[in-house]
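The structure appears below as structure tokens.
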Number of protein chains: 2
Amino acid sequence: MPGQVTLSDVAREAGVSLATASRALNGSANRTVGEDLRRRVHAAAARLRYSPDGIAQAMARGRTTSLGLVVHDIADPYFAAIAAGVAAAADEAGLMLTLASTGRRPGREVEIVTQLERQRARAVILAGGASGDTESDGAVRAALDSFRGVGGAVSVVGEDGLGSNSVVLANREGAADLARALRGLGYRRFAVLGGAGGHTALADRRGGFVDALAGLGCAVPDDLLLDAAPTRDGGHAAMSRLLETGAAGEVEAVFAVTDVMAAGALAAARAAGVRVGEDLGVAGFDGIEALQDVVPGLTTVRLPLARIGAEATRLALRPAAAEPELVPLAGEVVLGASTPGPPGR
Amino acid sequence: MPGQVTLSDVAREAGVSLATASRALNGSANRTVGEDLRRRVHAAAARLRYSPDGIAQAMARGRTTSLGLVVHDIADPYFAAIAAGVAAAADEAGLMLTLASTGRRPGREVEIVTQLERQRARAVILAGGASGDTESDGAVRAALDSFRGVGGAVSVVGEDGLGSNSVVLANREGAADLARALRGLGYRRFAVLGGAGGHTALADRRGGFVDALAGLGCAVPDDLLLDAAPTRDGGHAAMSRLLETGAAGEVEAVFAVTDVMAAGALAAARAAGVRVGEDLGVAGFDGIEALQDVVPGLTTVRLPLARIGAEATRLALRPAAAEPELVPLAGEVVLGASTPGPPGR
DNA sequence: TTGTAGGCGTTATCAG
DNA sequence: CTGATAACGCCTACAA
């Protein structure tokens, strides 16, 4: 059974010292091993089916080859798309990706970062951004500082860098652009699903949307700002609630702060006999691929998801010492059949 | 700067031996450390902000705490959903998840498994199943055997266990059920997108669908069995091709072997002015959540994706020695608005 | 260029 | 119950 084969075995088999075998197999800094010996060692390694022990190497070198990625829910297409970008970049950099999900449980990020610190991950990417809760964010910040303390690098995706390298998403601006676009289509009475008390990113979207609208002279009344969990079910529930209240009758379009929520809203509307597009406009945010290909095509603000992951990875791999770098990334409004314009004429 | 703090430091600070400190902090098998000393050690550890080095522990213990998961593309909702199930189960088992994507590049699975073997991952889950290519599958099998050689456990999701524990999906049966359901709706002329030469799982779906149809007296002509990549774009391209040929006119319903492909097909149909549902039925396979909430709701065979991940994890954590275990898991036909029944009356 | 030897941070074996 | 002291598998000055 192979695997139990150690470098010493290879060295012995090749008739060289442990050091030489090590240098021949993995090129150390000063690359210099006699071509003949080098050959002998490789042959011996192959013959014995030697497989270097990554753990031992990590320990000897004092650093791992793994990159930690923290998301809220990998099944959420938003995070899945970002993860794909990170995975590709990590692969290219020769790093293994360690994925951890918070399941949106508060406090989990800290636990995960701590765990990653224990495992001496080389870097960690926080894809979820800040939570908006001062105390909680402070704890995360502390955990990240501690992680840096052991030589780890950090990057976060979100508005607030939490003192780290970060990919700054134009959530406010994107939502404002969307608001203007919808207003341009003729919509005047809006409702917003989600963003209250949630993560900063979502709060920013809602804020950007509402503020821009106010600037255009059509404020959104408080009772049409519905709280909702950032999930498909959250969107569904909020839309259902909206439809049950009398207020719904006057609403011409609904903005769900994420596409996934918008999908839930779509289902709720359909279940209530409301035709999305004809009777009511619905827009989301994120630009999830899968939701673009159906009828009605969802109006949204498309974010360069894979790019976000790639940039976050690049930032996470920068020399730990350097000053935090911020990379701004914007979204683009995509008008779909879900918002053809207001119903009455 | 914390992190550089080692167990020896803690031991010294607490005035005990290294061994005792180790036993006090992490309970070894024979748990017995005087309550007073135990307290002293913990206090010292806290004071010094000691953080155990996972790498060193792994090396000393001779085993890691990480579980490898190999998927083709984490951005694909099918794999994302399975990954979510695995992530939850891994978390519960106290393991870290190492995610690797093949990007559908042939040969990548072997490289990844080898890499995972180097890192001494405790177990690995192959979510992609067999490729259908004998040579390639043989290489994967060999890599897995080697992995087991170093004490690793394995489980694979798919029809063919590749000699390992496996979650056996009823792809054939599910597709056959779907065929019967569509036939029951009145559809008689079908086209199939994908499954040719692809992974075994997809080939089985196509085979199950076509065979069942043949049994019902309506064989699918070869020119209506279109080859397609198992992606959104693959589905789009295949549908476009179908629509361009004259044969399309006679087709009443299209079966894409994955929901993601079906989404692409939907887009292609719409682009060509074909109304899905009214003019043409479209069905997929997988039961991707996001695709269920739109109009027309996609007819599909819903797989218990999260469950698949959970089971695969359970299998991967079984004692490595045991005989391979097979867990069959079936899908359920879900009829949506995308296949209301054939057009002409 | 090649070999020797010390060390990385823990766990585990075996005496006290 | 506690404490020395070997491993663990590999890297790397330092020496030859």
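Convention: sequence-line order gives letters A, B, ...; per-chain numbering from 1.
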TODO: Check the distance between C:dA12's P and B:R61's CZ and give it to me in whole angstrom.
DONE: 7 Å

Open item on the list: If only side-chain N and O atoms count, and only distance matters, is there a donor-acceptor pair under 3.5 Å linking B:H199 with B:S131?
Closed with: no

- [ ] Using whole Å, report how far CE of B:M59 lies from P of C:dG7.
- [x] 16 Å

Task: Residue mapping more 5' on DNA chain D - nearest nucleotide basis, B:G15 or A:Y50 - done: B:G15

Open item on the list: Can you tell me if A:S22 touches the phosphate of D:dC11, counting only side-chain N or O atoms and a distance under 4.0 Å to OP1 or OP2?
Closed with: yes

Task: D:dG3 phosphate, OP1 or OP2, under 4.0 Å from B:T20 side-chain N/O - done: yes

Open item on the list: Distance check needed: D:dA13 P versus A:L18 CG, whole Å only.
Closed with: 16 Å

Task: Side-chain donor or acceptor of A:N165 paired with backbone N/O of A:A316 under 3.5 Å - done: no

Open item on the list: In this structure, how many angstroms lie between the C1' atom of D:dC8 and the CD atom of A:Q4, rounded?
Closed with: 12 Å

- [ ] Provide, to the nearest angstrom, the distance between the CG atom belonging to A:D53 and the C1' atom belonging to D:dC8.
- [x] 8 Å

- [ ] Name the nucleic acid region contacted by A:I55, choosing base, sugar-phosphate or nothing; use a 4.0 angstrom heavy-atom cut-off, strictly under.
- [x] nothing

TODO: Quickly work out the A:R118 CZ to C:dG9 C1' distance and round it to whole Å.
DONE: 14 Å

Task: Whole-Å distance separating the CD atom of A:Q57 from the C1' atom of D:dC10 - done: 7 Å

Open item on the list: Is it the case that the side chain of B:T313 and the backbone of B:G309 share a donor-acceptor pair, with hydrogens and angles ignored and the cut-off at 3.5 Å?
Closed with: yes

Open item on the list: Can you say whether a donor on the side chain of A:R23 sits under 3.5 Å from an acceptor on the base of C:dG3, or the other way round?
Closed with: yes

Task: Side-chain donor-acceptor pair present, A:S164, A:R141, cut-off under 3.5 Å - done: no

Open item on the list: Measure CD/A:E35 against C1'/C:dT2 and give the value in whole Å, please.
Closed with: 15 Å

Task: Side-chain donor-acceptor contact under 3.5 Å, B:R49 with A:S146 - done: no

Open item on the list: Nearest to the B:A19 side chain among D:dA4, C:dG3, D:dC8, which nucleotide is it?
Closed with: D:dA4

- [ ] Hey, which sits more toward the 5' end of DNA chain D by its nearest nucleotide, B:A56 or B:A21?
- [x] B:A21

- [ ] Compare side-chain N and O positions of A:N26 against OP1 and OP2 of D:dC10 and report whether any pair is under 4.0 Å apart.
- [x] no

- [ ] Look at all strands and tell whether A:G34 reaches a base, only sugar-phosphate, or nothing, counting heavy atoms closer than 4.0 Å.
- [x] sugar-phosphate

